[in-house]
Amino acid sequence: SYERSLGGNLRRDVRRCMRRLHELGRVTLDVTDSSAGLGAGLAKAFAVERSGWKGAGETAIGSRPQTASFYTEIAHWAARRGWLRLIFLHLDERPLAFHLAIEQGGAYFPLKGGFDPAFGAYSPGKLMIQATLERAFAIGLERYEFLGGNDDYKRRWATGIRDRLLFQAFAPTPSGLIDRAAFGYGRPLAKRALVAVRRRRGSRTRKRRGA
């Protein structure tokens, strides 16, 4: 019934891309849910993400050591609790797409994902969503949370939209007041600083091109 609720163009496109991909080799969905071999799995996932537009724009996880360390710590933290799901869509032995996800409380949360742009004609990102949705139904999950903004591609798959609110509480102590100030003023300042750095980079790039 869920599949029938999807748009006809989406269903036809998924079937066409999967059929064409099967013509090239064996297509599998591989799931890692523990710390065993996690280091190699994360390195492979980061390499897949870096191969696309995020790598070119230096926004991929592997583009900054701090970001890579952050997601590595999240993965190990989730693995210790049995919540980690590092999932790859493979063509034979080649990873086409991945999800770094948390599965907890009957819900699937894909925190990060990416795909190999060399196979862009086969819509690997779309096939990854289809495959993980099928898996979610098969194992009896209650929700598939796309997370992030209300993007068009997510609405094509979703059955509803929910707002998620952040409630942050701070202790009425000197350290709590410091944390509150950092949370309230530090994040906007950090965002403005990042925008300024990117603008300067773009300006320098345009100058070099002009030269």
Side-chain angles (χ1 to χ4, degrees), residues 1-34 37-38 40-57 59-62 71 74-75 78 83-104 106-161:
S1 62
Y2 167 74
E3 285 185 327
R4 288 194 298 271
S5 72
L6 300 176
N9 289 338
L10 176 60
R11 286 180 292 169
R12 286 189 292 271
D13 190 43
V14 167
R15 288 196 296 267
R16 177 182 60 83
C17 290
M18 185 60 78
R19 183 175 63 252
R20 292 177 58 201
L21 204 56
H22 275 290
E23 293 172 355
L24 301 180
R26 187 169 64 98
V27 181
T28 57
L29 191 72
D30 299 318
V31 182
T32 296
D33 57 7
S34 69
L38 184 54
L42 289 174
K44 182 168 67 173
F46 296 168
V48 171
E49 188 196 33
R50 194 166 53 244
S51 68
W53 63 268
K54 291 182 180 180
T59 60
I61 293 173
Y71 280 100
I74 286 179
W83 300 347
L84 173 72
R85 302 296 182 268
L86 181 58
I87 304 181
F88 287 94
L89 182 70
H90 279 117
L91 175 63
D92 294 330
E93 299 301 319
R94 180 166 182 170
L96 303 186
F98 81 94
H99 275 180
L100 173 59
I102 285 178
E103 198 171 275
Q104 193 270 337
Y108 180 80
F109 301 92
L111 304 181
K112 277 290 183 178
F115 64 88
D116 186 343
F119 288 82
Y122 301 89
S123 299
K126 190 179 297 182
L127 295 182
M128 186 70 186
I129 293 175
Q130 168 72 11
T132 50
L133 275 167
E134 286 186 355
R135 175 183 171 275
F137 275 99
I139 65 176
L141 294 182
E142 298 174 1
R143 302 189 316 281
Y144 188 112
E145 301 282 357
F146 283 94
L147 304 178
N150 184 21
D151 301 308
D152 288 340
Y153 83 91
K154 297 175 186 176
R155 291 200 300 269
R156 298 181 71 187
W157 297 95
T159 58
I161 300 170

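Only heavy atoms go into these numbers, but all of them, side chains included; no hydrogens, no water, no symmetry mates.
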*With sequence neighbours left out, write down each residue that passes ring-ring contact (aromatic ring centres under 6.0 Å, His included) with His22, or none if nothing qualifies.*
none

*Not counting sequence neighbours, which residues clear ring-ring contact (aromatic ring centres under 6.0 Å, His included) with Tyr2? List them please.*
Phe137

*Who pairs with Ser34 by side chain to side chain contact (heavy atoms under 4.5 Å, CB included), at least two apart in sequence or on another chain?*
Ala36

*Do any pairs count as a salt bridge (charged side-chain N to carboxylate O under 4.0 Å, His left out) and have a residue in residues 2-17, sequence neighbours left out, and if so which ones?*
Asp13-Arg16, Asp13-Lys126

*Among all residues two or more places apart in sequence or in another chain, which pass the side-chain hydrogen bond (donor to acceptor under 3.5 Å, both in side chains) test with Glu134?*
Gln130

*Tell me, please, which residues at least two apart from Ala78 pass side chain to side chain contact (heavy atoms under 4.5 Å, CB included).*
Trp83, Leu84, Ile102

*asked:* Just to verify, what does Leu141 make a side chain to side chain contact (heavy atoms under 4.5 Å, CB included) with, not counting sequence neighbours?
replied: Glu103, Tyr108, Ala136, Ile139

_Set of residues satisfying side-chain hydrogen bond (donor to acceptor under 3.5 Å, both in side chains) with respect to Ser123, sequence neighbours excluded_ = none

*Residues that Lys44 engages under salt bridge (Lys or Arg N to Asp or Glu O under 4.0 Å), provided they are two or more places apart*: none

*Please name all residues satisfying side-chain hydrogen bond (donor to acceptor under 3.5 Å, both in side chains) with Arg20, sequence neighbours left out, ordered by chain then number.*
none

*How would you list, by chain and number, every residue that makes a side-chain hydrogen bond (donor to acceptor under 3.5 Å, both in side chains) with Tyr144, sequence neighbours excluded?*
Thr132

_Tell me which pairs pass salt bridge (charged side-chain N to carboxylate O under 4.0 Å, His left out) where either residue lies in residues 86-99, with sequence neighbours left out._
Arg94-Asp116

